[in-house]
Amino acid sequence: MSKEDIKARLSALRNVMKSKDIDAAIIPQTDAHQSEYLADHWQLRRYLSGFTGSAGTLVVTAGEARLWTDSRYFIQAADQLEGTDITLMKDGLIETPSITRWLIDTMSKGCTVGINGLVFSIASTYEMKRELEEAGLKLDVDFDPADTVWDGRPALPQDKVFIHDDQYAGQPAAEKIKEVLANACSQGASSAFISALDEIAWILNIRSRDVACNPVATAFLYLSEDNSTIFIDSDKLTDGVLSYLQTNNVAVAPYNSAMDFLGALPENARVLVSAAQTGSLFERTLGNRAVVGKSPAAMLKAVKNDVQVNGIRNAMVRDGVAMVRSLMEIGSMVEDGKALTEMGVAEILTRHRSEQALYFDNSFDTIAGYGAHGAVVHYSATPETDAKIEKGNLLLIDSGAQYLDGTTDITRTIAIGEPSDEQRHDFTLVMKGHIAIANAIFPEGTRVTQLDVLARMFLWNEGKSYLHGTGHGVGHFLNVHEGPQSIRLNDTLAPLTPGMVTSNEPGIYVTGKYGIRCENLVLTVPAMTTGFGRFYTFETLTLCPFDLSLFEIESMTEEEIEWVDDYHQRVYDALAPHLDAEGQAWLAEHTRSLLILQ
């Protein structure tokens with residue numbers, strides 16, 4: 001789209017705002033389910049701004065437009081917003097005000113801020129309303145301009161739903177429904193309304209292709225002992241799925257009827273809604289029937305059962321084989337001088353993964369950033385930016401897959417040619433942090449901020465850092481990003497619990513030169529129980545070698561060298577039986593002991 005298109009769309013939005021007496025509109029990057037990754041139907045912020053990142057909020061007034069996004073997208077957003085008259089606001093920096101602070105400082109008392117309460121959570125709406133009203137501003141939660149300003153808005157997804165078999169899920173839907181209702185009861189409710197798509201998929205053991213790379217179905221779910229109901233387009237359901245839902249005492253109603261259904265519940269109903277994951281309009285509809293609390297499914301979903309854990313371990317072997325074959329092909333093409341670009345790297349990874357058993361899709365769009373593009377944290381190559389891979393810099397590859405038995409997410413940084421001393425030093429600082437997390441032993445209840453410093457301290461000692469989180473939760477054949485746990489500077493209040501799968505991915509990004517990130521997935525497991533309580537540690541799940549040429553061995557401790565050698569031995573033992581002679585030879589070469597190389 002052209003910059004003039006963006007200006008025209010903003011003008012159309014301002015006309016609608018004027019007709020509705022809205023002085024400022026806030027357009028978030030989310031949907032009616034508070035999702036991170038969206039179906040095209042909900043991509044209003046992308047349509048209005050031209051910015052394609054997965055995180056960011058557009059704010060439009062009569063005279064200004066500004067877009068807040070985090071450090072992953074600073075470089076991308078600056079490029080995509082140039083010439084659109086939209087000002088980039090670098091969220092997370094000390095000098096950047098919050099959206100509400102900026103509105104309060106910019107607008108006159110009595111002005112009205114408009115939002116669509118369907119796509120703003122109960123918690124965020126409450127906090128925004130409090131701050132704005134204290135400053136004399138009004139909040140209108142019924143401002144939904146999408147259908148008016150968006151010509152040709154895509155319809156809701158129509159992909160078919162299928163059942164995720166218990167042999168992979170490890171627990172039948174009926175048991176999950178009971179557990180969710182028991183949690184709702186503990187919070188003072190007799191029923192629960194679920195908005196989050198991954199939670200609905202997990203509870204009912206159903207999947208679909210409604211959102212790219214995220215195997216979820218567009219639906220709402222009401223659970224009670226008497227009349228559970230899924231709100232979904234019936235055309236998405238086969239006879240087999242309808243029969244399955246009926247067996248689990250789940251009725252089917254139209255997707256758009258959820259609001260009316262809740263409004264018609266008896267006055268004495270007590271319905272649990274998640275403050276963080278339910279649109280505020282649903283709470284308004286329920287009124288006194290709403291019990292606002294925490295998601296009754298989030299922790300249950302995050303703690304994987306034994307079947308899921310074993311499935312993930314098996315998926316990691318197949319994914320590791322695909323990674324090895326991909327790295328072999330990439331290296332061979334570079335050595336032979338064959339044409340290879342960033343988009344070609346992504347194609348190679350997808351091709352080798354798709355050949356693996358139980359492959360369903362990628363778990364996100366592959367990030368293959370060569371040289372300076374590697375410093376763009378969530379870089380996505382396009383035909384216009386598709387850089388040639390040639391000797392002389394680093395290639396950062398962040399990729400993953402959805403298998404029926406598990407979700408993978410791995411980042412490797414590869415030296416194309418001989419790395420510089422600076423690159424080796426920075427890579428080793430990142431790996432020292434990665435190893436510190438992998439080796440961590442911590443008591444039950446440890447807050448994630450207490451672990452996050454382990455990954456950063458080696459960088460901090462040299463005045464270096466990275467602005468993204470160190471780790472995020474990962475679903476099981478579900479969203480590659482899931483809560484409630486993560487490892488980051490700001491506390492998410494969710495303790496790491498045995499059975500949780502989390503990424504371990506410190507990095508460093510040198511703008512205009514290169515990026516480095518080293519990511520494995522780790523499983524929280526018991527370590528020991530002493531007189532001081534229970535202690536946990538991590539089992540590293542991902543299986544793929546790190547680039548031996550990038551280690552600055554002389555700056556590593558014996559313990560760090562031992563960790564790398566032990567990990568590489570485990571990688572070889574797990575993957576070699578599944579490779580041919582050529583693959584085994586390559587893997588043996590790339591998992592040699594650092595002590596030998598020293």
Check: Is the number of heavy atoms from other residues, nucleotides or ligands under 6.0 Å of Asn490 CG greater than 12?
Finding: yes
Next item on the list: Check Phe220, Tyr255, Tyr222 against Phe261 for a ring pair (Phe, Tyr, Trp, His ring centres under 6.0 Å) and give me the one that passes.
Entry: Tyr222
Next item on the list: Would you tell me whether Asp409 and Ser503 have side-chain atoms, one donor and one acceptor, within less than 3.5 Å of each other?
Entry: no
Notebook entry, point to check: Taking atom CD of Glu347 and atom OG1 of Thr350, what is their separation to the nearest 0.5 Å?
Noted result: 7.5 Å
Margin query: Please check this pair: side chain of Asp166 against backbone of Gly170, looking for a donor-acceptor N/O pair closer than 3.5 Å.
Written below: no
Check: Just checking, any donor-acceptor pair under 3.5 angstrom between side chains of Asn214 and Arg207?
Finding: no
Note to self: Evaluate Gln80 against Thr52 for side chain to side chain donor-acceptor pair (under 3.5 Å), listing each step before the verdict.
What the structure shows: CA-CA 8 Å; Gln80 292 183 327; Thr52 60; 3.0 Å; yes
Margin query: More than 12 heavy atoms of other residues, nucleotides or ligands under 6.0 Å from CG of Asp365: yes or no?
Written below: no
Next item on the list: Please check if any side-chain donor atom of Asp319 sits under 3.5 Å from a side-chain acceptor atom of Gln356, or the reverse.
Entry: no
Next item on the list: May I ask you to check whether Tyr379 and Thr385 show a side-chain donor-acceptor distance below 3.5 Å?
Entry: yes
Next item on the list: Determine, for Lys301 against Glu199, whether the closest basic-nitrogen to carboxylate-oxygen distance falls under 4.0 angstrom.
Entry: no
Item checked: Separation between OG of Ser380 and CE of Met343, rounded to the nearest 0.5 Å -> 8.0 Å
Next item on the list: Check for a donor-acceptor pair, side chain of Asp31 on one end and backbone N or O of His33 on the other, with a separation under 3.5 Å.
Entry: yes
Notebook entry, point to check: Hey, what do you get for CG (Asp361) to OG1 (Thr407), rounding to the nearest 0.5 Å?
Noted result: 10.5 Å
Check: Would you say the side-chain atoms of Ser257 pair up with the backbone N or O of Asp260, donor to acceptor, closer than 3.5 Å?
Finding: no
Notebook entry, point to check: Looking only at atom types and distance, does a side-chain atom of Thr341 sit under 3.5 Å from a main-chain N or O of Lys388, one as donor and one as acceptor?
Noted result: no
Notebook entry, point to check: Is there a donor in the side chain of His476 and an acceptor in the side chain of Tyr403, or the other way round, less than 3.5 Å apart?
Noted result: no
Notebook entry, point to check: Just by distance, do the side chain of Asp386 and the backbone of Glu342 share a donor-acceptor pair under 3.5 Å?
Noted result: yes
Notebook entry, point to check: Will you find, in the side chains of Asp452 and Thr470, an N or O donor that is under 3.5 Å from an N or O acceptor?
Noted result: yes
Notebook entry, point to check: What is the distance from atom CZ of Phe477 to atom CG of Leu404, rounded to the nearest 0.5 Å?
Noted result: 5.0 Å
Margin query: Looking at Lys294, I want to see if its NZ is surrounded by more than 12 non-hydrogen atoms of other residues, nucleotides or ligands under 6.0 Å.
Written below: no
Item checked: From CA spacing to verdict: salt bridge (charged side-chain N to carboxylate O under 4.0 Å, His left out), Asp40, Arg46 -> CA-CA 9 Å; Asp40 288 343; Arg46 183 178 68 184; 3.3 Å; yes
Check: Looking only at side chains, do Glu329 and His352 share a donor and an acceptor under 3.5 Å apart?
Finding: yes
Note to self: Using only atom types and a distance under 3.5 Å, with no angle test, would you say the side chain of Lys236 pairs donor to acceptor with the backbone of Asp159?
What the structure shows: yes
Checklist line | Donor-acceptor contact present, side-chain His434 to main-chain Cys518, <3.5 Å | finding: yes
Note to self: When you measure from the side chain of Tyr359 to the backbone of Asn362, do you find a donor-acceptor pair of N or O atoms at a distance under 3.5 Å?
What the structure shows: yes
Checklist line | Separation between CD1 of Ile6 and OG of Ser11, rounded to the nearest 0.5 Å | finding: 12.5 Å
Check: With a 3.5 Å cut-off and no angle check, do the side chains of Thr30 and Glu36 form a donor-acceptor pair?
Finding: no
Margin query: Is there a side chain to side chain contact (heavy atoms under 4.5 Å, CB included) between Tyr244 and Ile206? Walk through the geometry before answering.
Written below: CA-CA 10 Å; Tyr244 168 80; Ile206 59 173; 4.0 Å; yes
Item checked: Side-chain donor-acceptor contact under 3.5 Å, Gln29 with Ser54 -> no
Item checked: NZ/NE/NH1/NH2 to OD/OE distance under 4.0 Å, Lys304 and Glu482 -> yes
Check: Between Leu394, Leu396, Leu327, which is the residue that forms a side chain to side chain contact (heavy atoms under 4.5 Å, CB included) with Ile414?
Finding: Leu327
Next item on the list: For Asp210 and Thr218, run side chain to side chain donor-acceptor pair (under 3.5 Å): C-alpha distance rounded to whole Å, both residues' side-chain angles, the deciding distance at 0.1 Å, then the answer.
Entry: CA-CA 6 Å; Asp210 279 0; Thr218 303; 3.0 Å; yes
Item checked: SB check Glu179 Lys176 (cutoff 4.0 Å) -> no
Note to self: Working to the nearest 0.5 angstrom, can you tell me the gap between Asp405 CG and Met316 CE?
What the structure shows: 10.0 Å
Check: Can the positive tip of Arg353 be found less than 6.0 Å from the middle of the six-membered ring of Phe360, inside 45° of the ring normal?
Finding: no
Next item on the list: Using a cut-off of 6.0 Å, state whether more than 12 heavy atoms not belonging to Gln246 lie near its atom CD.
Entry: no
Item checked: Polar side-chain atom of Thr96 near backbone of Gly92 as donor-acceptor pair, under 3.5 Å -> no
Check: Taking atom types as modelled and ignoring hydrogens, do the side chains of Arg153 and Tyr47 form a donor-acceptor contact shorter than 3.5 angstrom?
Finding: no
Checklist line | Under 3.5 Å: donor-acceptor pair, side chain of Asp233, backbone of Pro157 | finding: no
Notebook entry, point to check: Among Arg412, Arg488, Arg517, whose salt bridge (Lys or Arg N to Asp or Glu O under 4.0 Å) with Glu505 holds?
Noted result: Arg517
Next item on the list: Step by step, work out the ring-ring contact (aromatic ring centres under 6.0 Å, His included) result for Tyr509 and His468.
Entry: CA-CA 11 Å; Tyr509 310 92; His468 60 72; 5.5 Å; yes
Margin query: For the CD atom on Glu355, are there more than 12 heavy atoms of other groups (residues, nucleotides or ligands in this structure) within a distance under 6.0 Å?
Written below: yes
Notebook entry, point to check: Going by distance alone, is a donor N or O of one side chain under 3.5 Å from an acceptor N or O of the other, for Ser2 and Glu4?
Noted result: no
Checklist line | Between His481 and Phe364, ring centroids under 6.0 Å | finding: no
Note to self: Can you see whether Thr366 engages Ser399 through a side-chain donor-acceptor pair at a distance of less than 3.5 angstrom?
What the structure shows: no
Notebook entry, point to check: With no hydrogens and no angle check, do the side chains of Gln277 and Ser121 hold a donor and an acceptor under 3.5 Å apart?
Noted result: no
